[in-house]
Structures are given as structure tokens and as C-alpha cells.
Amino acid sequence: WSSDVCSSDLLLVLTNILNVMLGNVGKTVDIANLDKPTTSASKVASLIDDMQNGKVDVLITAGTNPQFSFPDAFGFEYALNRVGLKGEGTGKKAGLVVALASQMDETAELADYVLPLHTSLEDWGYVSLPGGSVSLMQPSMRQIFETKSLGDVLLTIASNAGKQAD
């Protein structure tokens, strides 16, 4: 299979079909306890509407690629270009779009700045286990490039907020 054919969506569908065929659903695969989305399409549509109407001066994305994920009908790219009402004659300062990403994805390509993050193999993390327990994950490899973890980037931004540049 080529990489075009074997997308993550196709892999997800094939995995689900295999789990159904093997009788895993309800045994080792517990669909009722899967993580539920923490937001809704209406909240996303509301944010995009605010972006299109110039109500968003700064947009920071982390761990997401909305330019790829959202349907074209949402108008995310158009809205992203309206953040801070960028452009001449708007009477406002240029807006700011920052992507915190471990790879140069579609949203990062549209951002004003990209702050490189560790990949999941290079970063500490945690995982929620069945029964409500949580376990730490340690990096499985050293970082390859000059990247930081999301927490370190956010702490650095917070600690420097309001300071004048030299």
C-alpha cells in the first residue's frame, strides 16, 4: 500500500472492523468508556465566526490541526486570515497566529510563528488507564532537534509575558 492509500482514517476503520470480526467489542474494546470529545461543533463554529468577524486578536493552536481536520465549509482558513484583522487599512495591529506543533502541518504552514514541540516519543506525558488510574509515560528517545515540551513552552511564554524585549 502507498502512504496515500493507508491513511490514519483507513487504518482506524480497518482496526475497528478487525475488532468486530474478532469479537473484541465489549471484551477488550470497551466503546462505552472511550474518551469523549471535550468540545462540540457548535463551539468550534462559534470560534470560527468570532475569527471571521475580527473578534480574535491572537490564536494559539497546540496538538491540533484544524486546517486539515475541519471541513472546508467551516471556513477555517478564511477565518484564520482574519485573526486580528490582518492587512492594510484595518486600523488594528496585525493579529498573531501561533502554532505549537511537532511537525509542519497544514495549520502550522498558515501560522505567523511555529514553536517546535517534542514528538510524543521525546516527551514526558501521562495516560489514563481503565479504572480511573493514571500512569506516567517517559520519553523513549532523546530529542533530535531543538524542541521543547508543550508545558515548558507555555511556562516560558507566561514567565516572559509583559517583559520588554532587549
Side-chain angles (χ1 to χ4, degrees), residues 3-17 19-20 25 29-130 132 134-135 137 147-162:
S3 61
D4 295 337
V5 175
C6 193
S7 70
S8 60
D9 291 338
L10 178 61
L11 185 59
L12 175 67
V13 169
L14 291 174
T15 302
N16 287 334
I17 289 171
N19 278 317
V20 169
V25 176
V29 177
D30 187 2
I31 295 173
N33 288 322
L34 290 177
D35 288 338
K36 307 294 187 280
T38 57
T39 190
S40 67
S42 63
K43 288 181 182 178
V44 170
S46 177
L47 170 64
I48 291 174
D49 187 52
D50 286 348
M51 290 165 60
Q52 288 175 346
N53 291 315
K55 296 179 181 177
V56 177
D57 294 321
V58 178
L59 180 71
I60 300 173
T61 63
T64 185
N65 184 3
Q67 175 59 22
F68 176 80
S69 301
F70 296 157
D72 289 341
F74 273 52
F76 181 79
E77 184 173 359
Y78 172 78
L80 193 65
N81 287 322
R82 304 276 301 161
V83 169
L85 291 176
K86 294 179 185 178
E88 295 181 24
T90 62
K92 291 180 75 177
K93 291 190 265 182
L96 181 64
V97 178
V98 181
L100 292 91
S102 61
Q103 62 186 19
M104 199 63 176
D105 59 29
E106 292 82 357
T107 302
E109 288 177 6
L110 298 173
D112 297 312
Y113 295 98
V114 178
L115 302 180
L117 298 179
H118 292 328
T119 65
S120 59
L121 298 174
E122 301 166 323
D123 206 0
W124 288 87
Y126 68 93
V127 62
S128 298
L129 300 171
V134 177
S135 179
M137 297 184 312
T147 59
K148 291 186 175 189
S149 70
L150 175 61
D152 288 339
V153 170
L154 295 177
L155 287 171
T156 300
I157 290 171
S159 68
N160 289 311

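Index from 1, following the sequence.
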Could you tabulate the donor-acceptor pairs under 3.5 Å formed by side-chain atoms of residues 69-80, not counting sequence neighbours?
residue: S69; atom: OG; partner: N65; partner atom: O; Å: 3.0
residue: E77; atom: OE1; partner: Q67; partner atom: NE2; Å: 3.3

Legend entry - Gap separating the CG atom of D57 from the CE atom of M51, nearest 0.5 angstrom: 12.0 Å

Inset, instruction - Quick one: list whatever passes side chain to side chain donor-acceptor pair (under 3.5 Å) with S42, sequence neighbours left out. - result: S40

Legend entry - CG on L100 to CD1 on I157, rounded to 0.5 Å: 6.0 Å

Inset, instruction - Can you sort out the partners of T156 under side-chain contact (heavy atoms from CB on, under 4.5 Å), two or more places apart, ordered by chain and number? - result: K148, N160

Legend entry - Closest heavy-atom pair and its distance - L96, V83: O-CG1, 3.9 Å

Inset, instruction - Quick one: list whatever passes side chain to side chain donor-acceptor pair (under 3.5 Å) with S102, sequence neighbours left out. - result: none

Legend entry - Taking every non-hydrogen atom, the tightest pair across L47 and V56: CD1-CG2, 4.2 Å

Inset, instruction - Could you tell me whether a side-chain N or O of N19 sits under 3.5 Å from a main-chain N or O of T15, the two making a donor and an acceptor? - result: yes

Inset, instruction - Could you tell me which non-hydrogen atom of T61 sits nearest to which non-hydrogen atom of A99, and how far apart they are? - result: OG1-CA, 3.5 Å

Legend entry - S149: side chain to side chain donor-acceptor pair (under 3.5 Å) partners, not counting sequence neighbours: D152

Inset, instruction - Grab the two heavy atoms, one from V58 and one from I60, that are nearest each other, plus how far apart they are. - result: CG1-CG1, 4.1 Å

Legend entry - Derivation and outcome, side chain to side chain contact (heavy atoms under 4.5 Å, CB included), residues V97 and D112: CA-CA 5 Å; V97 178; D112 297 312; 3.8 Å; yes

Inset, instruction - Supply the atom-to-atom distance L150 CG to D123 CG, rounded to the nearest 0.5 angstrom. - result: 8.0 Å

Legend entry - Closest non-hydrogen atom pair between A101 and D105, with its separation: CB-OD2, 4.5 Å

Inset, instruction - Under the side-chain contact (heavy atoms from CB on, under 4.5 Å) rule, collect the residues that match up with M137, sequence neighbours excluded. - result: V127

